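For clarity, every value in this text was computed on a predicted model and none was experimentally measured. The first residue in the sequence is number 1, and the count goes up from there. Numbering of ligands and ligand atoms starts at 1, following listing order.
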Amino acid sequence: MDKLVIEGGVRLKGEVIISGSKNAVLPILAATLMTDEPCVIKGVPNLRDTATMLKILRSLGKSADFDKGTVTVNSTGVKNFIADYKLVSTMRASFCVLGPLLGKFKKAKVSLPGGCAIGLRPVDLHIKGIKALGADIAIESGYVVAQARNLKGCHVYMGGEYGSSVLATDNLMMAAVLAKGKTIIEAAACEPEVVDLAEFLIKMGAKIKGYGTPNIEIEGVKYLGGATHHIIPDRIEAGTFMLASLITNGDIIIKNVLHQHLGALIDKLEESGAFVQKGLNSIRVGAKRKLKPVNTTTLAYPGFPTDMQAQIMSLMAVTPGISVITEKIYPDRFMHIAELNRMGTHIQKEGPHAIVEGVKSLSGAPVMASDLRASACLVLAGLVAKGKTSISRIYHLERGYENLEYKLSKLGAKVWREKE
Ligand code: EPZ
């Protein structure tokens, strides 16, 4: 197993090109199960999670080729309706094959995702949605077993204790496009990745309105054809590089990014004193003067993304003064605090809040990644720390960041891999 080693203290400069969005491509690949015609998906990031979703499609009988950022899913029919625990347990997003299988074949057996480092992540809203369409659901030996003679359009409220759910909205939307009649999803997730999925489904022949708002309306159709689609850029990867520029007091131009998808983050960074210049599909980020501490609360889109919480914590950890970070989506998503404190940060967890007292400098140390975004936060801390930081379990990073160390090296970072 590899670890990532970073020698901190270099001001990052130059240009970086953002890859396609992990959280958009996964449900879009799952949606290809709903047609017997070929689909071509472009701008696909080469990630562990992409590979896992392709393995799942193949295990269900699809043939899927991945070449230089393009996935071609051929029209071989689905022969198997079971998404296996072995694959689903490695990636929760696999659960979003439930909607497509049920929508298209009126039956599905999908493993329950199991535990996750960032907190309890139930699937009750997913089940509520597909039950509302008329499916019979049973939980057997760790699997959701769903079947229906017909799926019938419905009106369903999908808000949960922590607000809307991205993948539950996706699952329900995909099951509903082939149901009889109209479905209204109330309190739907509005994330750009949900919009990208809806646009792909519409290219396949689906009838969907209101996507990107809390009220989505779907008119069921009999058949979906193949389609060609280009994935949106990854706003979380872009956000991570914006913070890499600020934490190293650098000057980076981020390319292939839509600033409209990063409104809450840009607003927070400008409040802190960052220089953010928005272009058509680029953003230039640098620190025009000493940053000041800001408080952050994570919310569903268009609020501040929980997937940027750990990364902004690294920045606030080296910004003199006190800031409070409140995690409203995954109240326990703070595994990174203990690792950051090993590098000399002063961060205290109080329930769903982290109280961050900014320090002048960090010292490099061996640390351990616990999940995807926590590993990104440790990379950012390593970029500013004195000396060497070595991050183990970087397979977490490879799940969601394409060629991270290559992209960082091109910006001047001293980063390399070593065997554990
Ligand atoms: C998506 O996960 C993203 N993953 C996550 O990104 C992201 O953190 C999350 O949305 C929130 O923005 C993908 O898109 C593949 P949710 P998802 O259902 O859809 C609760 C990353 O780092 N909830 O929107 O699984 C849930 O526990 C990953 O790239 C229920 O209570 O998240 C959470 O508190 C990590 N019941 C809240 O809703 C349900 O049935 C939002 O979760 C479903 C969710």
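With rounding to the nearest 0.5 angstrom, the CG atom of Leu12 is 10.5 Å from the CG atom of Asn249.
Arg235 pairs with exactly one of His259, Glu193, Gln260 by the side chain to side chain donor-acceptor pair (under 3.5 Å) rule, that one being Glu193. When each of Arg333, Arg373, His336, Lys328 is paired with Gln309, the side chain to side chain donor-acceptor pair (under 3.5 Å) condition holds for His336 and for no other.
The parts of Ile329 lying near ligand 1 are both backbone and side chain, judged by heavy-atom distances below 4.0 Å. At a heavy-atom cutoff of 4.0 Å, ligand 1 is contacted by the side chain of Tyr330 but not by its backbone. The side chain of Ala93, and not its backbone, has at least one atom closer than 4.0 Å to an atom of ligand 1 (non-hydrogen atoms only; side chain from C-beta on). Under 4.0 Å from ligand 1, heavy atoms of Leu125 appear from its side chain as well as its backbone. Proximity of Arg121 to ligand 1, defined as any heavy-atom pair under 4.0 Å, is shared by backbone and side chain alike.
Taking 4.0 Å as the cut-off, Ser165 counts as a neighbour of ligand 1 on heavy-atom distance. For His126, the heavy-atom gap to ligand 1 drops under 4.0 angstrom. Note on ligand 1: Glu161 sits outside its first shell, no heavy atom being nearer than 4.0 Å.
The 12-atom threshold is not exceeded at CZ of Arg393, counting heavy atoms of other residues, nucleotides or ligands nearer than 6.0 Å. The environment of Glu420 atom CD is dense: over 12 non-hydrogen atoms of other residues, nucleotides or ligands sit within 6.0 angstrom. Other residues, nucleotides and ligands contribute over 12 non-hydrogen atoms within 6.0 Å of the CZ atom of Phe66. The number of heavy atoms from other shown groups lying within 6.0 Å of NZ (Lys152) does not exceed 12. The 12-atom threshold is exceeded at CG of Leu299, counting heavy atoms of other residues, nucleotides or ligands nearer than 6.0 Å.
For ligand 1, the polar-atom distance check against Pro122 finds a nitrogen or oxygen pair separated by under 3.5 Å.
If you number the atoms of ligand 1 from 1 as listed, the ones under 4.0 Å from a heavy atom of Asp307 come out as 5 (C), 6 (O), 7 (C), 8 (O), 21 (C), 22 (O), 28 (C), 29 (O), 35 (C). With ligand atoms numbered from 1 in the order given, ligand 1 contributes 21 (C), 29 (O) to contacts under 4.0 Å with heavy atoms of Lys22. Every atom of ligand 1 with a heavy atom of Leu120 under 4.0 Å away is listed here by number and element: 27 (O). Interface atoms of ligand 1 facing Arg333, defined by a heavy-atom separation under 4.0 Å, are 8 (O), 22 (O), 35 (C). Close contacts of ligand 1 with Tyr162, meaning ligand atoms under 4.0 Å from a residue heavy atom, involve 34 (O), 37 (C).
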### Query
Going through the distances and angles, do His126 and Asn171 end up as a side chain to side chain donor-acceptor pair (under 3.5 Å)?
CA-CA 7 Å; His126 298 246; Asn171 251 332; 3.1 Å; yes
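Looking at atom 15 (C) of ligand 1, its nearest protein heavy atom turns out to be Asn23 OD1, 3.2 Å. Looking from atom 22 (O) of ligand 1 to the surrounding protein, the closest heavy atom is Arg373 NE, 2.8 Å. The shortest contact between atom 19 (O) of ligand 1 and any protein heavy atom is with Leu167 N, 2.8 Å.
Between Phe105 and Phe81, the ring planes lie tilted relative to each other; the angle falls in the 30° to 60° range.
Heavy-atom proximity to atom 24 (O) of ligand 1, evaluated over Leu372, Thr306, Val166, is greatest for Val166. With distances taken over non-hydrogen atoms, the option nearest atom 30 (C) of ligand 1 out of Val123, Asp124, Ile118 is Asp124.
For the pair Glu405/Leu4, a side-chain contact is recorded, criterion being any heavy-atom separation below 4.5 Å from C-beta on.
No hydrogens or angles considered: nothing links the side chains of Gln348 and His353 as a donor-acceptor pair under 3.5 Å.
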